[in-house]
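Data first, discussion second: the structure below is written as structure tokens.
What you see below is based on every heavy atom in this structure, not just the backbone, and it leaves out hydrogens, waters and symmetry mates. Just so it is clear: chains get the letters A, B, ... in the order the sequence lines come, proteins before strands, and each one is counted from 1.
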Amino acid sequence: MDNSEVAKRLFEMAEMLEFKGENVFKIKAYQKAARNIEELEEDINILRQRDELGTISGVGEAIEAKIKEMLDTGTFKAFEEIRHTIPQDIEEIIAVQGIGPKTAHLLYSKLGVKDLQGLLKAAEEHRIRRIPGMGVKTEEHILIAAKRQLAEGNIGRFPLGVALPIAEEISKKLLDGILIREVRIAGSIRRWKDTVGDIDLIARSDEPEKAIEVFTVMDNMQEVLEKGNTKGSIIYKGNIQVDLRIVKDDAFGSLLQHFTGSKEHNVKLRQIALSKGFHLSEYGLKNATTAEQIPFSTEHEQYERLGLQFIPPELREDWGEIEAAMEKKIPRLIEVSDIKGDLHVHSNWSDGHNSIEEMALAAKALGYQYINISDHSASSKIANGLSEKRLLDHIKEIERLNECIEGIRILSGTECDILPDGTLDYSDELLEQLDIVVVAVHGSVEQDSKTMTQRIVSALENEHVHILAHPTGRKFGKRLPFAMNMEKIMDTALEYGKVLEINSSPQRLDLNDKFAMMARERGIKLAINTDTHSLEQFGNIRYGIGTARRAWIASNDVINTLHLKDICKLLGIS
DNA sequence: GCCGTTTTCGGCCCGACTGTTTTCAGTCG
Ligand SMILES: Nc1nc2c(ncn2[C@H]2C[C@H](O)[C@@H](COP(=O)(O)OP(=O)(O)OP(=O)(O)O)O2)c(=O)[nH]1
Ligand SMILES: [Mg+2]
Ligand SMILES: [Mg+2]
Ligand SMILES: [Zn+2]
């Protein structure tokens, strides 16, 4: 079993214990262990060999024994025993909004509800309202929520590139009226997570209740889920949930911190507050003995009062940032303004929309010092990839443009396909004539892990190659990451001095945060590129920067923060 | 079930909203 399979089992165990009404702290213990195993960088099998399972935070004697049992037999006794006493599809019932483990258990014991279909039937036949403690409204809400779940399936999460523009649109609309003074995007969007579960907003208003009212009747609102004095939730066009929290007093910083999360970060901060004699909440600190409330108007002040350096939102995942902040060791993270050029740009010579000149002028307007025109190679036929002859013309055209355009250097490149057998789509003689060679896998993406890994390794061993683009090939909603051994690929990249890309296209974000962190820890250099096919897509750089910041990446980890002359020196460009 | 710069036992983050309830449990963030 691998890490995610072990974690999944532990999560399932927690869910079953919840359904059974077990001690909540025991449940939390299983969830914490599961989460930490899911986020582990090392292979849990290797930790086991080294007898280091106990070093995983949240794994004690009991869970360690169960993990060993799982690694040996694929399951564990306690899991199998409890599993047979619980309906198989309990997960889909608890997943219905408003139904938790208690209600699920009640519905099962009173009505024999075992799955979503049974739940719908019970609601439609008005059997739920007859259970003591349930009522007409509860039944109606369950019916609506169950139907919504059936219709949507389990879409679950949205790519950041979908959610962020909607969040910006809603923020703007809310500011249109006079009731709401300030709106900030919070939650996982503010942390630049690559996928998000919902849109979390906070706002400041002198009349919170009226402001919530405005929110719940806004354009494109599909359904109101909750409407209170300080908080409302709606389903917005596109079936995305939007949570809005409003305050009028001076605790805006405390609220922003709370609603930015993550949950795990919040819990740890609150534990630190407790150890200092305070209760922390979205209203600030409360003295545990005097009950005096101390609100903070900025996040900076609140972190400082807790004895911590300010922690950028992208780091707030309980991945060690709180410990670092205690020692004032939060690094200066890379910013959009550090980027000096884009090394992965397409033109209308292949599948881009604009000419090389237009792309260059747009980049210049952004303050870039250089761009690498990396059109597709011949094998990418649907992308109008360049034959060897057209690539030679491409090189000449770039030479010509460099003579007439001032203020930006156009580098002559390619996004050369790594063919299924690991060879490249252009000859070495041709690659040698280019300034920057970007390579990528496009076709034959279904290869097994061994083949795919060797394919990429072979490409990285080629002396003319500089950058591996979108290394895992994932595309949200379209394609899973390639089966591949990332450790091996990173070892090779390091050995041969190759650069790995953080592709900023919001449907890719590849490398992702975790892999980018792995690369940084190993000392591999990165390039943050947009892979733009149009003038507007240069703007996608913010997504790549957000991902890089989540990986604790600094400016000097990234080659396209270098000035033109320095990057030319680094890559041997004349 | 886990864990310990005042602890190996007794805590474990804290608050909003809803429904069905005369005082709160459940769910969610
Ligand atoms: N203290 C505390 N804060 C929480 C808890 N659950 C959520 N929050 C805070 C932190 C979250 O970032 C924020 C928004 O909640 P969400 O459920 O939307 O989570 P988040 O946006 O982080 O992730 P998401 O992508 O939406 O799943 O509310 C909790 O149990 N305790
Ligand atoms: Mg959220
Ligand atoms: Mg939310
Ligand atoms: Zn590309």
- Near K114(A) NZ, under 6.0 Å, is it more than 12 heavy atoms from other residues, nucleotides or ligands?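 Open: at most 12 neighbouring heavy atoms sit under 6.0 Å from NZ of K114(A).
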
- Item | Atom NZ of K172(A) with >12 non-hydrogen neighbours under 6.0 angstrom |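 12 or below, so no.
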
- Query: Who does dA25(B) pair with, Watson-Crick or G-U, both distances under 3.5 Å?
  - Reply: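 In the structure as shown, dA25(B) has dT18(B) as its Watson-Crick or wobble partner.
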
If the [atom1] atom of [N] is compared with that of [M], how far apart are they to the nearest Å?
N: dG29(B); M: dT23(B); atom1: P; answer: 29 Å
N: dC2(B); M: dT8(B); atom1: C1'; answer: 12 Å
N: dT20(B); M: dT27(B); atom1: P; answer: 14 Å
N: dC12(B); M: dT7(B); atom1: C1'; answer: 14 Å
N: dC13(B); M: dC28(B); atom1: C1'; answer: 14 Å
N: dG26(B); M: dT21(B); atom1: C1'; answer: 13 Å
N: dC14(B); M: dT5(B); atom1: C1'; answer: 26 Å

Take atom [atom1] of [X] and atom [atom2] of [N], then tell me their distance rounded to the nearest Å.
X: I234(A); N: dC17(B); atom1: CD1; atom2: C1'; answer: 16 Å
X: L225(A); N: dC28(B); atom1: CG; atom2: C1'; answer: 11 Å
X: I99(A); N: dT18(B); atom1: CD1; atom2: P; answer: 18 Å
X: N36(A); N: dG1(B); atom1: CG; atom2: P; answer: 17 Å
X: E64(A); N: dG1(B); atom1: CD; atom2: C1'; answer: 13 Å
X: Q257(A); N: dC13(B); atom1: CD; atom2: P; answer: 15 Å
X: E264(A); N: dC13(B); atom1: CD; atom2: P; answer: 12 Å
X: L244(A); N: dG29(B); atom1: CG; atom2: P; answer: 14 Å

- Task: Check every strand shown and say whether G261(A) touches a base, only sugar-phosphate, or nothing at a heavy-atom separation below 4.0 Å.
- Result: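 No contact at all - G261(A) keeps every heavy atom at 4.0 Å or more from the nucleic acid.
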
Counting side-chain heavy atoms from C-beta on, which of [options] comes nearest to [X]?
X: I63(A); options: dT18(B), dG1(B), dC13(B); result: dG1(B)
X: T103(A); options: dG1(B), dG26(B), dG29(B); result: dG26(B)
X: N23(A); options: dG19(B), dG29(B), dG1(B); result: dG1(B)

- Message: Can you see if the side chain of Q241(A) gets near the phosphate of dG29(B) - specifically, an N or O under 4.0 Å from OP1 or OP2?
- Response: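 For dG29(B), OP1 or OP2 has a side-chain N or O of Q241(A) closer than 4.0 Å.
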
Where do [X] and [Y] come nearest, in terms of heavy atoms and distance?
X: E69(A); Y: K77(A); answer: OE2-N, 2.7 Å
X: M13(A); Y: F79(A); answer: SD-CA, 3.9 Å
X: D557(A); Y: W552(A); answer: OD2-O, 4.3 Å
X: E321(A); Y: W319(A); answer: OE1-N, 2.7 Å
X: Q309(A); Y: I330(A); answer: OE1-N, 3.1 Å
X: V183(A); Y: I180(A); answer: CG2-CG2, 3.6 Å

- Message: What I want to check is whether the side chains of S504(A) and N540(A) have a donor and an acceptor closer together than 3.5 Å.
- Response: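 Checked: S504(A)/N540(A) side chains show no N/O donor-acceptor pair below 3.5 Å.
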
- Query: Using a distance-only test with no angle check, is there a side-chain donor-acceptor pair under 3.5 angstrom linking S275(A) and Q271(A)?
  - Reply: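 There is no such pair between these side chains.
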
- Task: Kindly determine whether D115(A) and K121(A) satisfy salt bridge (Lys or Arg N to Asp or Glu O under 4.0 Å), including the steps that lead there.
- Result: CA-CA 10 Å; D115(A) 51 26; K121(A) 200 149 171 289; over 6 Å; no

Would you tabulate the nitrogen or oxygen pairs shorter than 3.5 Å linking the protein to nucleotides 3-6 of chain B?
{"from": "dC3(B)", "atom 1": "OP1", "to": "G58(A)", "atom 2": "N", "distance (Å)": "2.8"}

- Message: Is dT7(B) syn or anti, taking syn as a glycosidic angle within 90° of 0?
- Response: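 Syn.
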
- Task: Starting from the 5' end of DNA chain B, give me the residue, K102(A) or Y30(A), whose nearest nucleotide shows up first.
- Result: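 Result of the comparison: Y30(A).
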
- Considering heavy-atom distances to DNA chain B, does E139(A) or V267(A) have its closest nucleotide positioned more toward the 5' end?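 Closest to the 5' end, via its nearest nucleotide, is V267(A).
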
Taking N or O atoms only and anything under 3.5 Å, show me the protein contacts with nucleotides 14-16 of chain B, one pair per line.
{"from": "dC14(B)", "atom 1": "OP1", "to": "H279(A)", "atom 2": "ND1", "distance (Å)": "2.5"}
{"from": "dC14(B)", "atom 1": "O4'", "to": "R270(A)", "atom 2": "NH1", "distance (Å)": "2.9"}
{"from": "dC14(B)", "atom 1": "O2", "to": "R270(A)", "atom 2": "NH1", "distance (Å)": "3.4"}
{"from": "dA16(B)", "atom 1": "OP1", "to": "Y283(A)", "atom 2": "OH", "distance (Å)": "2.5"}
{"from": "dA16(B)", "atom 1": "O3'", "to": "T230(A)", "atom 2": "OG1", "distance (Å)": "3.1"}

